[in-house]
Amino acid sequence: MKLVAVTSCPTGIAHSQMAAESLEQTADRLGHEIQVEIQGAMGAENELDKATIADADAAIIAADTAVSRDRFEAAAVPVVKATVKAAINDTESLFERAEETGGGAKASDTAETETTETEPAESSVDENDEADASAQTGYDDLSPDQIGGDPRKGLFARMKRRFS
């Protein structure tokens, strides 16, 4: 299977390169052909051209930053989207998803799958305890899936409690 990939992280110093190396090694081990574009602090390395993208059966975008999918959509190449962490630690599942979406042949529409980190376990706290906690803190919409941590532990919230 022919694949193309783009790796990109916010700082672009090491993680993009680590993800690219992991993708290349796994592709070699599984018998796939891959070309990886690395986007980082120094710009784009090994930039993918239109012909390479058009020849690909699927694309993997392993990025923690915004990466344009226009060139993949224009070539009707299915896209598998993941985090850089997934490209480093769980590369084989990305190839499995690429095989599922690409199927070894061009798809008529661009398909996209998204990998997710491990799902959080169900909480054993009952609804009354959650209601009491939100009433005490004033954060009714606090969700265990919230990105960015607990707002009650942030610097602004701690200072507000300190000086109130």
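In this chain, residues are counted from 1 in sequence order. Keep in mind that what you see is a predicted model, and the values were worked out from it rather than measured.
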Nearest-0.5 Å distance that lies between atom [atom1] in [X] and atom [atom2] in [Y]:
| X | Y | atom1 | atom2 | result |
| --- | --- | --- | --- | --- |
| Glu92 | Arg29 | CD | CZ | 4.5 Å |
| Lys81 | Ile60 | NZ | CD1 | 12.5 Å |
| His32 | Leu23 | NE2 | CG | 11.5 Å |
| Ile88 | Thr26 | CD1 | OG1 | 11.5 Å |
| Leu94 | Ile61 | CG | CD1 | 12.0 Å |

- Message: One pair to check against side-chain contact (heavy atoms from CB on, under 4.5 Å): Val77 and Ile53. What are the steps and the verdict?
- Response: CA-CA 7 Å; Val77 176; Ile53 294 170; 4.1 Å; yes
Note, [X] side chain near [Y] side chain (heavy atom, < 4.5 Å):
| X | Y | result |
| --- | --- | --- |
| Gln39 | Glu47 | no |
| Met1 | Glu33 | no |
| His15 | Lys85 | no |
| Ile34 | Val4 | no |

Under 3.5 Å: donor-acceptor pair, side chain of [X], backbone of [Y]:
| X | Y | value |
| --- | --- | --- |
| Thr7 | Ala19 | no |
| Thr65 | Pro10 | no |
| Ser93 | Asp90 | yes |

- Task: Begin from the C-alpha positions of Arg71 and Leu48 and carry the test side-chain contact (heavy atoms from CB on, under 4.5 Å) through to its verdict.
- Result: CA-CA 10 Å; Arg71 54 191 170 158; Leu48 300 170; 4.2 Å; yes
Nearest heavy-atom neighbours spanning [X] and [Y]:
| X | Y | answer |
| --- | --- | --- |
| Ala98 | Ala58 | O-CB, 3.8 Å |
| Ala87 | Ala62 | CB-CB, 3.4 Å |
| Ala86 | Ala82 | CB-CB, 4.1 Å |

Among side-chain atoms of [X] and [Y], is any donor-acceptor pair under 3.5 angstrom?
| X | Y | answer |
| --- | --- | --- |
| Thr52 | Asp55 | no |
| Gln25 | Glu21 | yes |
| Ser22 | Thr91 | yes |
| Gln35 | Glu37 | no |

- Item | Same cluster (ILVMFWY, side-chain, under 4.5 Å), Val84 and Val36 |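 No, Val84 and Val36 fall in different hydrophobic clusters.
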